There are 2 protein chains.
Amino acid sequence: MAGRLSTPGTTVTSRALALLGAFDEDHRRLTLTELAARAGLPVPTAHRLVGELVAWGALARDPRGRFAIGRRLWDLGLLAPVQTGLRQLASPYLHDLYGATLDTVHLAVRDGLEVLYLDRLAGNTSVPVVSDIGSRLPMHSTGVGKVLLAHAPPEVQADVLSDLRRITPYTVVQPGTLRRQLARVLRDDYATTVEEMSLGACSVAVPIRAGSDVVAALGIVVPGLRNDRAKYVAALQVAAQGVGRALAAARRDPS
Amino acid sequence: MAGRLSTPGTTVTSRALALLGAFDEDHRRLTLTELAARAGLPVPTAHRLVGELVAWGALARDPRGRFAIGRRLWDLGLLAPVQTGLRQLASPYLHDLYGATLDTVHLAVRDGLEVLYLDRLAGNTSVPVVSDIGSRLPMHSTGVGKVLLAHAPPEVQADVLSDLRRITPYTVVQPGTLRRQLARVLRDDYATTVEEMSLGACSVAVPIRAGSDVVAALGIVVPGLRNDRAKYVAALQVAAQGVGRALAAARRDPS
DNA sequence: GCGCGTCCTTCCACTGACCGGAATCGTCGT
DNA sequence: ACGACGATTCCGGTCAGTGGAAGGACGCGC
């Protein structure tokens with residue numbers, strides 16, 4: 001009366017990964033039962049797998065017996081190639097930029113149809129900023145997103161343009177309007193948003209290039225854009241070019 | 001003539017984890033064959049498991065067909081509880097400190113018998129700094145290490161004191177000397193090093209407290225320590241107290 | 001062009017590691 | 001004391017995983 005009832009086709013590995021996938025921004029700590037439910041596994045099965053994950057250090061138990069992502073996965077995550085390298089290289093330039101403006105500064109790359117934020121220096125202003133390191137936001141409503149979208153392959157652009165969600169009253173939801181904006185981004189080599197992601201927040205962003213490819217974007221969030229737009233664009237471009245040169249230098253050296 | 005020859009006791013999960021564990025600081029990119037060898041698995045077995053890991057996003061293939069840690073593991077790593085929370089909370093204070101001094105600033109915790117660096121703002125000076133985010137260094141030769149060691153449980157202190165590796169000619173390798181320094185750290189509430197980790201680099205560090213527990217350390221690396229030591233200590237303590245207050249506030253609020 | 005070395009991928013029959021319902025064991029709150 | 005809930009342990013049936021062998025896909029030297 002025992003036997004295996006798991007739906008065929010499910011591998012052990014995929015189950016272990018499902019357990020890891022049960023954690024997200026809003027669920028950093030889970031009990032075994034929650035974990036099993038979120039991963040779609042029976043409790044005893046989850047128990048055994050989780051035991052192995054904990055033994056290895058992928059998960060950890062907190063004092064209350066709940067589970068969380070372990071330190072070893074944190075270590076591994078830092079080894080992820082593109083992000084870490086880029087983040088480390090760009091870090092000093094981000095700080096320079098932050099020092100010069102004291103506004104919130106972002107480093108982001110495209111991940112599928114979204115923007116992935118690799119780093120953020122939080123400005124001390126009270127501008128509402130929703131991004132956070134590791135978070136993803138839509139491309140059509142952020143400065144860095146527009147830059148990355150403008151340089152993305154046509155099929156990505158088409159996918160994004162076909163589903164423009166409204167986020168604030170000022171979000172651009174007309175494909176035609178956005179397409180025109182993207183053309184302008186290519187021409188001017190920078191993008192802006194005005195309260196399109198959150199009210200009271202405007203942004204300017206520029207591309208970061210490795211050779212001729214756009215590999216990331218650098219952005220700044222400010223309370224408003226008056227006549228000082230040129231100042232921000234200039235500071236951003238200096239920083240972006242610095243990162244680009246550092247990237248090129250690093251690419252020649254190791255790999 | 002097929003059959004299973006794997007040594008009994010090895011689980012699928014442990015093999016998948018062994019594959020992840022094959023990556024480290026010096027091996028960020030591996031071919032399938034290297035991966036299999038480092039994980040101690042036959043190539044076909046590694047091939048199948050790696051396929052699942054890639055499908056899930058734990059690993060990624062680069063253009064040359066080699067494997068590396070994937071973006072999804074990077075995401076997960078950011079969810080690791082202690083570090084992320086502390087890092088996020090401390091971030092603005094680190095930036096303030098960096099802005100005030102323009103020297104390299106560190107946030108670190110104790111991990112076993114070593115110091116684990118959670119964050120670093122790289123100063124633009126040319127002081128040789130060996131630490132990096134996620135890296136581990138010995139406790140007896142770094143400023144943050146001495147702070148954390150001074151507040152560590154006696155058995156940890158004993159373990160560390162029993163094996164003081166020499167790193168530079170100035171590294172403290174006499175247990176008695178270090179013990180006296182630790183006592184002074186407790187009295188003065190800050191620690192210093194003078195070229196004990198790398199030549200040309202000195203450091204000052206202070207503890208970060210949550211309540212009365214020391215949970216982390218804040219340090220700064222400078223080219224030399226003259227009469228300005230007091231200035232650094234004061235700046236560090238202001239920042240550390242700020243982080244401590246933020247920690248206390250955060251602890252009251254959510255979980 | 002051709003042989004050779006290296007690495008990647010597919011195949012497939014055997015079998016022991018995994019599965020999960022059921023039962024047991026804490027540990028709460030009432 | 002008792003019920004409710006979650007964490008553990010048990011254990012026999014079975015199928016997912018195993019890995020040697022064979023087949024490709026390159027790249028390189030001659």
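Source: prediction; values computed, not measured. Chain naming here is simple, since letters A, B, ... match the order of the sequence lines and numbering starts at 1 in each.
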Original post:
Is it true that B:Asp24 and B:Arg38 make a salt bridge, defined as a side-chain N closer than 4.0 Å to a carboxylate O?
Top reply: yes
Subject >> Salt-bridge criterion met for A:Asp189 and A:Arg209 (N-O under 4.0 Å) >> reply: yes
**OP:** Go through the side-chain N and O atoms of A:Glu52 and B:Thr11 and say whether any donor and acceptor fall under 3.5 Å apart.
**Re:** yes
For [X] and [N], give me the distance from atom [atom1] to atom [atom2], rounded to whole Å.
X: A:Arg29; N: D:dG6; atom1: CZ; atom2: P; result: 19 Å
X: A:Arg66; N: D:dC5; atom1: CZ; atom2: C1'; result: 16 Å
X: A:Leu19; N: C:dC19; atom1: CG; atom2: P; result: 11 Å
X: A:Leu35; N: D:dT8; atom1: CG; atom2: P; result: 12 Å
X: A:Leu30; N: D:dG6; atom1: CG; atom2: C1'; result: 14 Å

Subject >> Side chain of B:Thr33 (C-beta onward), nearest among D:dT8, D:dT18, C:dC8 >> reply: C:dC8
Original post:
Given C:dG20, D:dG17, D:dA7, which nucleotide is nearest the side-chain atoms of A:Leu32?
Top reply: D:dA7
**OP:** Nearest-nucleotide wise, let me know which of A:Thr13 and A:Arg61 is further upstream toward the 5' end of DNA chain D.
**Re:** A:Arg61
Subject >> Strand contacts (DNA chain C) in residues 41-53 of chain A, 4.0 angstrom heavy-atom criterion >> reply: A:Pro42, A:Pro44, A:Thr45, A:Arg48
Subject >> A:Asp75/B:Arg136 under salt bridge (Lys or Arg N to Asp or Glu O under 4.0 Å): CA gap, chis, key distance, verdict >> reply: CA-CA 10 Å; A:Asp75 286 0; B:Arg136 291 164 217 279; 2.2 Å; yes
Original post:
Counting heavy atoms not belonging to B:Arg166, are there more than 12 under 6.0 Å from its CZ?
Top reply: yes
Subject >> N or O in side chain of B:Arg15 less than 4.0 angstrom from D:dT18 OP1/OP2 >> reply: yes
Original post:
Any side-chain heavy atom of B:Val105 sitting closer than 4.5 Å to one from B:Asp119?
Top reply: no
